[in-house]
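Everything below concerns the one structure shown next.
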Amino acid sequence: MKLSLFSTKNKKIIKDPLMGENPISIHILGICSALAITTKIDTAVVMTLAVVAVLSISNTVVALIRKLIPNKVRIIIQMSIIASLVSITDQILAAYYYDMSKILGVFLGLIITNCIVLGRLEAFAMQNSPGEAFLDGMGNGLGYGAILIAVAFFRELFGFGSIYGYNVINDNIYFSGYENNGLMILSPGAFIILGLIVWVHRSYTKVIDKG
Amino acid sequence: MQHYINIIINSVFIENIVLVYFLGMCSFLSISKKVETSIGLGLAVIFVLSITAPANWAINEYFLAEGALDWAGLEDINLDFLQFIVFISVIAAMVQLVEMLMDRFSPVLYYNLGIFLPLITVNCSILGCSLFLVEREYNLAEATVYGFGSGLGFFLAIVSLATIRKRMRYSNVPPTLRGVGMSMLLTGLISMAFLGFSGISL
């Protein structure tokens, strides 16, 4: 089989998690970090990069050794691969981007228990070739990031009146009585914004939950 | 004594792990469809948290933290970077152990909690609690009480969401908002109510 990067199948692998199979809004995986670090866009971007890196590398590694993993201990093996990668990411971030690593704090470590990673390893990497697994990891990481950045966009805009650190709301508007909405920075704002985004996204993709 | 009660009140109401720190959201949303199962999961989380918190505290204190290996004559070694791997393996091992002990000594409890135990390994609230313990520099007693209190907070949050979702069955929710979307909005409202406690200083 000739392996080409942009075959229809590979495109589908990357594109699906961005829309119809989005890990957050459709499969409800990895919500914890989606809410905790989305008060500002820059933390959301760093978190996305970290998850994309961990997810695509662990997917590739597991796909490479998938035939060697005994079925009974596979979860432990997967967990230790994820935990090692997360530790490496944490160390790299602490070395080169110390302020950000302080802000993310324990939530970077919690990528280990982010269900997206384990879920993709179980559902995809255990059955597919390393190349496809890598693309799947990228796709899911980006699909996760898209929602993360969307939530962060609204929270930062309404909570701080800025987008990616730049003030967008004119002083005159504040002067005429507009105020930043403090609720957006607190936890209820995160829940409500994510709930609304899930609603919009599901209306668009026409996914209906029975529960 | 009062100090410990304050830790419990703080971790249940003021800094609830689910509603304020967003930990354990996945199981919080997916297991809250029925009240009975949510009670089961809540109890299992209380149980596992009260065991893993002191265990991870001890391992961090005597093996991983900076200068922790003094007792072995290895002052210069700092195994901080192994924290994630060690904590998650301790949690996985403890959960397995609890499962086996329960099966042996209390089959009834095992029957009721059994299916939730493996799920708990990947529940972020457990790992998150262990990481918070280290960050806040608690001692052993405080760590145990904090673990128990956080579990109680999770229990309270998941049972209240499950009961509200039960009532929601009679309401006419737009189809695409049903399920997760609605649960998120409800959680937002519960969390807003809990914000009322944040003014309390202990």
Side-chain angles (χ1 to χ4, degrees), chain A residues 24-38 75-76 79-80 82-84 86-88 90-91 94 105-119 183 186-211, chain B residues 16 18-30 32-33 80-89 91-93 118 121-132 134-135 165 168-169 174-195 198:
Chain A
I24 295 190
S25 65
I26 308 295
H27 294 301
I28 316 302
L29 299 171
I31 309 271
C32 334
S33 51
L35 295 165
I37 44 84
T38 49
I75 304 274
I76 297 175
M79 283 308 254
S80 39
I82 300 170
S84 334
V86 171
S87 304
I88 295 172
D90 183 47
Q91 297 291 319
V106 298
F107 290 102
L108 197 77
L110 291 175
I111 298 178
I112 301 175
T113 49
N114 189 325
C115 347
I116 296 179
V117 186
L118 196 65
L183 189 69
L186 298 168
S187 40
F191 286 118
I192 290 168
I193 293 275
L194 187 60
L196 294 177
I197 286 180
V198 168
W199 186 12
V200 171
H201 189 247
R202 285 191 168 193
S203 309
Y204 186 71
T205 48
K206 308 229 163 24
V207 173
I208 291 173
D209 208 327
K210 286 180 207 78
Chain B
N16 190 299
V18 185
L19 301 170
V20 175
Y21 288 114
F22 313 107
L23 299 176
M25 279 311 290
C26 308
S27 39
F28 176 73
L29 289 175
S30 52
S32 58
K33 280 181 190 144
D80 239 350
F81 65 95
L82 287 178
Q83 224 175 45
F84 295 148
I85 301 185
V86 174
F87 280 5
I88 196 74
S89 346
I91 291 169
T121 312
V122 286
N123 187 328
C124 2
S125 55
I126 314 287
L127 183 62
C129 256
S130 297
L131 294 174
F132 277 135
V134 176
E135 212 179 70
R165 279 180 83 167
M168 288 303 291
R169 258 181 244 155
T176 43
L177 188 60
R178 255 174 233 163
V180 185
M182 200 62 217
S183 314
M184 294 300 303
L185 296 183
L186 289 175
T187 316
L189 295 177
I190 301 177
S191 153
M192 222 184 274
F194 270 69
L195 268 188
S198 66

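Every chain is numbered from 1, with letters handed out A, B, ... down the list of sequences.
- Counting heavy atoms from C-beta outward, B:Leu177 and A:Arg202 have side chains that stay 4.5 Å or more apart.
- Between chain B and the options A:Gly195, A:Gly189, A:Ser80, heavy-atom pairs under 4.5 Å are most frequent for A:Gly195.
- In this structure, the portion of B:Ile88 lying under 4.5 Å from any heavy atom of chain A is its side chain and not its backbone.
- B:Gln83 has its side chain within reach of B:Leu131: a pair of non-hydrogen atoms, C-beta onward, lies under 4.5 Å apart.
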Run the side-chain donor-acceptor check on residues 186-193 of chain B: report pairs under 3.5 Å with partners two or more places apart or on a different chain.
from, atom 1, to, atom 2, distance (Å)
B:Thr187, OG1, B:Ser183, O, 2.5
B:Ser191, OG, A:Ser187, OG, 3.4

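- The aromatic rings of A:Phe107 and B:Phe132 sit perpendicular, their planes meeting at an angle over 60°, well past the 30° parallel limit.
- Neither the backbone nor the side chain of B:Val134 comes within less than 4.5 Å of any heavy atom of chain A.
- Only the side chain of A:Leu186 comes within less than 4.5 Å of a heavy atom of chain B; its backbone N, CA, C and O stay farther away.
- Side-chain contact check for B:Leu82 versus A:Ser87: every heavy-atom pair is 4.5 Å or farther apart.
- For A:Asp90, the part sitting under 4.5 Å from any heavy atom of chain B is the side chain, from C-beta outward, and nothing else.
- With chain B as partner, the option from A:Ile75, A:Ile112, A:Ile88, A:Ile76 having the largest number of non-hydrogen pairs under 4.5 angstrom is A:Ile112.
- Using a 4.5 Å cut-off on side-chain heavy atoms (C-beta onward), B:Val20 and B:Phe194 make no contact.
- A:Leu118 meets the side-chain contact (heavy atoms from CB on, under 4.5 Å) test with A:Gln78, A:Met79, A:Ile82, B:Val122; sequence neighbours excluded.
- Per-residue counts of heavy-atom pairs under 4.5 Å with chain B were compared for A:Pro188, A:Ala190, A:Ala83; the largest is that of A:Pro188.
- Heavy-atom pairs under 4.5 Å with chain A peak, among B:Met25, B:Glu135, B:Met168, at B:Met25.
- You'll find the side chain of A:Val200 stays beyond 4.5 Å of the side chain of A:Ile197, heavy atoms only.
- Of the listed residues (A:Leu110, A:Val198, A:Ile193), the greatest number of heavy-atom pairs within a distance under 4.5 Å of chain B belongs to A:Leu110.
- Only the side chain of B:Leu195 comes within contact range of chain A, judged by heavy atoms closer than 4.5 Å.
- In this structure, B:Val18 and B:Leu23 have side chains that are not in contact, with every pair of non-hydrogen atoms separated by 4.5 Å or more.
- Proximity to chain B (any heavy atom under 4.5 Å) is shown, for A:Leu196, by both the backbone and the side chain.
- Contact annotation for A:Leu35: both backbone and side-chain heavy atoms come within less than 4.5 Å of a heavy atom of chain B.
- Only the side chain of B:Leu29 comes within less than 4.5 Å of a heavy atom of chain A; its backbone N, CA, C and O stay farther away.
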